[in-house]
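Inspection log for the structure reproduced underneath, given as structure tokens.
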Protein chains: 2
Amino acid sequence: MKYPIRVVISGPSGNIAYSALFSLLSGDVFGKDRLIDLVMLCSCPNSSQLQGVDMEIVDCAFPCLSSHLCTSDQHLAFANADYVILFGALPRGPGMERKDLLLKNKDIFEQQGKVLNEVGKPSVRVLVVGNPANTNAYILQQNAPNIQKNHITALSRLDHNRSIGQLAQYFNVSPSEIQNVFVLGNHSNTMVPVFNHVLLNNKQCYDEIKDVTNISQTIRTRGSKIIEARGQSSAASAAQASLDHMRDWHFGTEKITSCSLPAPKENIYEVPEGLVFSFPCKCVDGEWVIQDMDIPDELNTQIQKTIDELIEEKILAQHE
Amino acid sequence: MKYPIRVVISGPSGNIAYSALFSLLSGDVFGKDRLIDLVMLCSCPNSSQLQGVDMEIVDCAFPCLSSHLCTSDQHLAFANADYVILFGALPRGPGMERKDLLLKNKDIFEQQGKVLNEVGKPSVRVLVVGNPANTNAYILQQNAPNIQKNHITALSRLDHNRSIGQLAQYFNVSPSEIQNVFVLGNHSNTMVPVFNHVLLNNKQCYDEIKDVTNISQTIRTRGSKIIEARGQSSAASAAQASLDHMRDWHFGTEKITSCSLPAPKENIYEVPEGLVFSFPCKCVDGEWVIQDMDIPDELNTQIQKTIDELIEEKILAQHE
């Protein structure tokens with residue numbers, strides 16, 4: 001087995017983590033030959049819920065499991081972490097305004113950013129899954145200037161996978177036959193799926209998609225449709241998307257995928273520098289590389305809308 | 001990608017299936033290069049719960065997913081199936097006697113056995129997970145004489161993994177350092193963990209285990225401890241054990257593992273022929289090979305007890 005990497009999971013007793021943790025420890029993300037030091041960061045590390053999850057982890061006898069720890073101590077958790085997946089965030093409660101949600105989560109991610117900045121390795125790789133993921137990642141990044149900027153990411157892979165899934169259904173093919181789809185912007189219903197580069201079995205097929213608006217709308221509203229159907233939010237598909245993101249980050253990918261990153265100085269899609277925005281990316285040697293792919297002019301209004309939303313979230317979260 | 005194999009899952013909207021399905025489709029069981037035709041067999045294929053699971057499967061854009069189908073038609077499901085995982089079983093309800101439970105499940109598995117017998121490939125590989133798993137598998141086998149006998153198995157891998165997990169904790173090592181543990185008998189609290197062959201980093205360590213009785217008791221009662229802690233039964237670890245079982249069946253394993261199989265004619269551990277009993281096994285070329293490993297005489301009473309329980313379950317289930 002290869003030397004252990006330290007993986008920190010926040011929100012480990014939540015449904016998404018319960019769907020993600022076991023696949024992760026089975027070696028599906030970092031490889032079957034890679035030992036994992038697992039840290040579960042939780043405000044109540046002694047809760048019976050989390051202890052139950054921890055018992056089940058023991059019960060799987062994962063050959064990859066080198067050590068496992070439940071803690072509420074962020075300093076202990078983040079020191080020497082190689083990968084951090086932040087599932088934990090305050091969910092929107094009854095009667096809670098969007099602004100309240102942003103402010104509450106701001107406190108969580110500001111605090112985590114400060115500790116990461118203090119004790120984290122500059123190279124630590126962070127994925128924010130807890131919503132509002134893009135703005136949570138923005139707050140984290142603003143508070144952690146010592147961490148490599150493009151190592152603080154947010155999940156847009158779920159929207160990306162949903163886009164491929166919808167096109168695979170549309171063409172009635174296996175998802176493996178669809179490539180070069182990506183999504184731009186915020187993980188919210190302003191997100192913009194982009195289809196003009198899409199390949200079906202390596203052939204351009206954009207002109208064959210007659211129903212772009214409807215398909216985009218299906219992707220944008222998919223989360224609420226799942227809640228309607230299941231009576232619970234989409235845990236397993238969000239978990240799989242998180243694992244896809246981490247696997248590609250660890251092993252690299254030559255395929256176009258979607259990753260939310262702090263927008264770079266170079267003006268790409270007119271996104272203001274620093275906003276955490278979903279871009280088309282490849283991943284090479286552990287680094288996301290934004291692909292500046294051209295998009296149809298008719299998407300410009302939609303892209304401005306998702307940029308405006310991210311700016312608004314940032315202002316709301318900054319407002320004390 | 002390799003040609004698709006047809007995998008049938010019963011009880012697809014249950015918690016164990018929800019924990020298993022997504023890892024299975026990610027390629028963690030049959031390989032990342034193997035297409036899967038997934039059939040979800042359910043008495044209510046149009047339930048919004050199952051439709052939600054099916055939507056999430058689409059949303060993962062699994063490259064391995066060749067097709068997916070929800071159906072209540074057992075003939076349609078089992079025809080041409082390569083692998084069948086039967087998560088579905090009637091759980092014990094309030095006020096229900098053990099005999100009632102056995103009889104209700106007898107009806108389910110008798111029916112499934114008959115259909116499998118009628119339309120299934122003789123080589124189809126079946127894993128029963130729904131409890132009482134061993135006796136459910138026994139009923140299935142009795143009704144499906146056309147199916148290769150040793151291809152009808154029940155899950156004892158969870159008990160096996162729990163045994164490794166407990167020893168790894170005992171010695172404070174990674175589970176990968178523990179080998180040659182196995183469990184005998186029924187998946188119930190009569191199950192017998194066997195430690196006299198255990199290797200710690202390839203060295204005999206049986207004499208170092210001072211607390212065999214306590215460790216065995218922890219393993220046997222683990223399921224109810226998890227329910228106490230989580231408030232729900234152990235879904236993720238049962239799912240992972242099911243996937244471990246199927247992966248080893250598909251790819252083979254040279255390591256000692258535990259698998260519940262119809263007991264062969266040859267007298268092994270004095271188990272009556274046909275009882276579905278957990279044996280130490282390797283898996284070679286897609287076939288479980290029972291390893292007739294010697295056990296300490298002091299376990300004989302415990303083994304007789306688990307045999308007696310299986311005989312009693314069989315008689316209760318046969319009683320109309």
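Numbered from 1 within each chain, the chains take letters A, B, ... in sequence-line order. As the structure is a computational prediction, the values presented were derived from the model and not from experiment.
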request  = May I ask you to check whether F279(A) and F182(A) place their ring centres under 6.0 Å from each other?
outcome  = no
message = Do L127(A) and Y83(A) have side chains that approach each other closer than 4.5 Å (heavy atoms only, starting at C-beta)?
response = no
key: Proximal to chain A - members of residues 38-60 of chain B, heavy-atom separation under 4.5 Å   = S48(B), Q49(B), G52(B), V53(B), M55(B), E56(B), V58(B), D59(B), C60(B)
Residue part contacting chain B, namely of L35(A), when any heavy atom lies under 4.5 Å = side chain
message = Once rounded to the nearest 0.5 Å, what's the spacing between atom CG of D244(A) and atom SG of C259(A)?
response = 12.5 Å
query = Thinking salt bridges, do R157(B) and D248(B) make one under a 4.0 Å N-O criterion?
reply = yes
ask   = Are any of the side-chain heavy atoms of I215(B) and V212(B) separated by less than 4.5 Å?
value = no
request  = Taking atom types as modelled, find out whether T153(A) and H245(A) have a side-chain donor-acceptor pair closer than 3.5 angstrom.
outcome  = yes
task = Select, from S163(A), A235(A), A241(A), the one with the greatest count of heavy-atom pairs under 4.5 Å involving chain B.
result = A235(A)
query = Which answer fits A236(A), side chain, backbone, both or neither, if we ask what part of it has an atom under 4.5 Å from a heavy atom of chain B?
reply = both
ask   = Do any of residues 2-11 of chain B have a heavy atom less than 4.5 Å from a heavy atom of chain A, and if so, which, in residue order?
value = none
key: N186(B) side chain reached by S260(B) side chain, heavy atoms, under 4.5 Å   = no
remark   = Most contact-rich option vs chain A, by heavy-atom pairs under 4.5 angstrom, among S176(B), A61(B), S13(B), is A61(B)
ask   = Do you know which of G27(A), S23(A), A168(A) has the most heavy-atom pairs with chain B at a distance under 4.5 angstrom?
value = S23(A)
remark   = In this structure, CD of E254(A) is separated from NZ of K282(A) (nearest 0.5 Å) by 5.0 Å
query = Which heavy atom of A239(B) sits nearest a heavy atom of S19(B), and at what distance?
reply = CB-CB, 3.5 Å
query = Hey, what do you get for CZ (R247(A)) to CG (L24(A)), rounding to the nearest 0.5 Å?
reply = 9.5 Å
query = Please walk me through it: do F62(A) and Q240(B) pass side-chain contact (heavy atoms from CB on, under 4.5 Å)?
reply = CA-CA 9 Å; F62(A) 291 115; Q240(B) 285 296 320; 3.8 Å; yes
request  = Kindly indicate whether the side chain of Q179(A), heavy atoms from C-beta on, has any atom under 4.5 Å from the side chain of I164(A).
outcome  = no
query = Tell me, do S258(B) and S278(B) make a side-chain contact under 4.5 Å, heavy atoms counted?
reply = yes
ask   = Of the listed residues (A238(B), S66(B), C64(B), S26(B)), which shares the most heavy-atom pairs with chain A below a 4.5 Å separation?
value = S26(B)
ask   = Which answer fits K32(A), side chain, backbone, both or neither, if we ask what part of it has an atom under 4.5 Å from a heavy atom of chain B?
value = side chain
Most contacts with chain B, counted as non-hydrogen pairs under 4.5 angstrom, among G231(A), P175(A), S67(A), S174(A) = P175(A)
query = For the candidates L21(A), N161(A), V173(A), L158(A), which exhibits the highest count of non-hydrogen atom pairs separated by less than 4.5 Å from chain B?
reply = N161(A)
task = For atom CG of N172(A), decide whether the heavy atoms of other residues, nucleotides or ligands shown that lie under 6.0 angstrom number more than 12.
result = no
